[in-house]
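Worksheet for the structure shown next.
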Amino acid sequence: MAALMLGLDFGKTDLLISLWNEESTCAEIYNIFGTKGDEAVPSMVIYSEDGRLLIGKEAVEYSLKTQTSGITALYGQKEGEEVELNGMKKTVEELLSAYLDSVFSVIRRRYGGALIARIGITGERLSESEKERLTKVFERIGYSKEKLYFSTHADAFLWYELCEGVAGSDTVKNQAAMALDYDSKGLLCYLLHPAEEDRGIPYYLETADYSELMSGGLASIWQEEERYGCFSRMTELALGRKDAARLYVTGLHVETPQAAEVLQQFSRADRRIFCGRSLYALGACYHAVKERFTKKVIGDGQIFHNVSLFAYKDARNGLVPLALAGMTLAEAEGSVQVLLDDTLELKFQIEDMRIRKSITCAFRPDDLSERENRTIRLEVALQFLDYSTLVIKLRDIGFGSIHPPTFRVWEQIVQLGRGQA
């Protein structure tokens, strides 16, 4: 039996689906309705007069025909929230479970009862709480946590580019790509950079949030002239950060003739511009098929720096890795124990993998000079407060009965820039 991989992009009022089957060479947007222009499935559920649960396009048509209200927003809701439909109380999770189960049933039937092996999931400003809520929804309809692959829009963009874009094609290698995500809250910019030297990490992703400059996004601007003026200014601002070879523009009001006219001013012979949100659904699908792709990249929510300690280990001097670029903030909180030998100073190498430059940082704890050599034992711990602020902590853990532990802690804050601290 064939196995399918799906990519789902949850919007506020609809769902976009992409699919990969065993005969595929690439992910494709899946049209559940079979008619051009109807790729997105409305996130609407409604009960008919005879008690049948209708979803998607059928629910919209029934609502218009009978003037009956349904539920149109299933994504991003508070967990456990109850709604009433035709006198029946249901939680939003119950309705979303029924909605997804119905959608998946259509897909499986069209592929002869095929198994859905993995599901890549993304959505507008996907939060940890929403991931937990969606995980429970999928488990309710028989899809375990191990089959689910969550990614933010930024990471879905990254996966798409790794497989189909500037990072996935030798013909456009070492060029930057940018996605502008105009959503219901404002503008997010995702920028995929080539590293200056490809030594293990050829690309890294940076994000910028311009929402504060937009006062609620394009959706909140009702006058067309003002809306597209804002669209032009924000696009120019984002492109001022990096000369991108590929530009994706997604969101409400961007697939219109007026938006196309605005984007023409940013068009060049060496820059391709794409409109539409399909890359997020496609990127989510590629995430679910991720074992095919082995390129090492720094994605959304990951640190840009390698942090190592100069130390004597295994009969030689060298660097002991403490944190590696590509780790999350939580993963980078490592620690190691050291014994000082003929020195009261610890040295760290901090390497910025975006530009392949490193600096040395020295840390000398005070009030330890009275102790004998090789009797100062410390615990060295790292903590990234954010992607540009590193805290190095030293803790006195003593040396047996000779010097009992005081557990005193020394801290040094290192501000991380591009190749400097």
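Reckoned from all heavy atoms, side chains included, excluding hydrogens, waters and symmetry mates.
- D386 pairs by the side chain to side chain donor-acceptor pair (under 3.5 Å) definition with S388, T389, not counting sequence neighbours.
- Residue R377 qualifies as enclosed at atom CZ: its count of foreign heavy atoms under 6.0 Å is above 12.
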Applying salt bridge (Lys or Arg N to Asp or Glu O under 4.0 Å), run through R133 and E130 and close with a yes or a no. CA-CA 5 Å; R133 191 176 81 96; E130 185 65 15; 3.0 Å; yes
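- Side-chain contact between I350 and V414: present, with at least one pair of heavy atoms (C-beta onward) separated by less than 4.5 Å.
- Under the side-chain hydrogen bond (donor to acceptor under 3.5 Å, both in side chains) rule, E161 has a single partner from Y286, Y248, Y190, which is Y248.
- Residue K131 qualifies as enclosed at atom NZ: its count of foreign heavy atoms under 6.0 Å is above 12.
- No hydrogens or angles considered: nothing links the side chains of E124 and H153 as a donor-acceptor pair under 3.5 Å.
- Between F266 and L239, the closest side-chain pair of non-hydrogen atoms falls below 4.5 Å.
- Across every non-hydrogen atom of A288 and G120, the tightest pair is CB-N, 3.7 Å.
- With sequence neighbours excluded, the residues satisfying ring-ring contact (aromatic ring centres under 6.0 Å, His included) with F10 are Y75.
- Interatomic distance, CD of Q349 versus OG of S358, reported as 4.0 Å (0.5 Å rounding).
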Could you give me the CA-CA distance, side-chain angles and deciding distance for R408 and D366, then say whether salt bridge (Lys or Arg N to Asp or Glu O under 4.0 Å) is met? CA-CA 11 Å; R408 180 181 174 184; D366 56 14; 2.9 Å; yes
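- For the pair L134/L96, a side-chain contact is recorded, criterion being any heavy-atom separation below 4.5 Å from C-beta on.
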Going through the checks in order, is the salt bridge (Lys or Arg N to Asp or Glu O under 4.0 Å) test met by D14 and K57? CA-CA 10 Å; D14 61 17; K57 186 178 179 182; over 6 Å; no
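- A side-chain hydrogen bond (donor to acceptor under 3.5 Å, both in side chains) with Y280 holds for exactly one of T122, T250, D9, T152; it is T250.
- When the ring-ring contact (aromatic ring centres under 6.0 Å, His included) test is applied to F231, the partners found at least two apart in sequence or on another chain are Y182.
- For residues 47-70, the set of pairs meeting the ring-ring contact (aromatic ring centres under 6.0 Å, His included) definition, not counting sequence neighbours, is empty.
- Under the ring-ring contact (aromatic ring centres under 6.0 Å, His included) criterion, Y149 pairs with H287, not counting sequence neighbours.
- Residues N21 and L19 meet the side-chain proximity criterion, which asks for heavy atoms closer than 4.5 Å.
- Residue E82 comes nearest to K89 through the heavy atom pair OE1-CD, 3.8 Å, listed as atom of the first residue, atom of the second, then distance.
- Under the rule for a ring-ring contact (aromatic ring centres under 6.0 Å, His included), the partners of Y143 that lie at least two apart in sequence or sit in another chain are F104.
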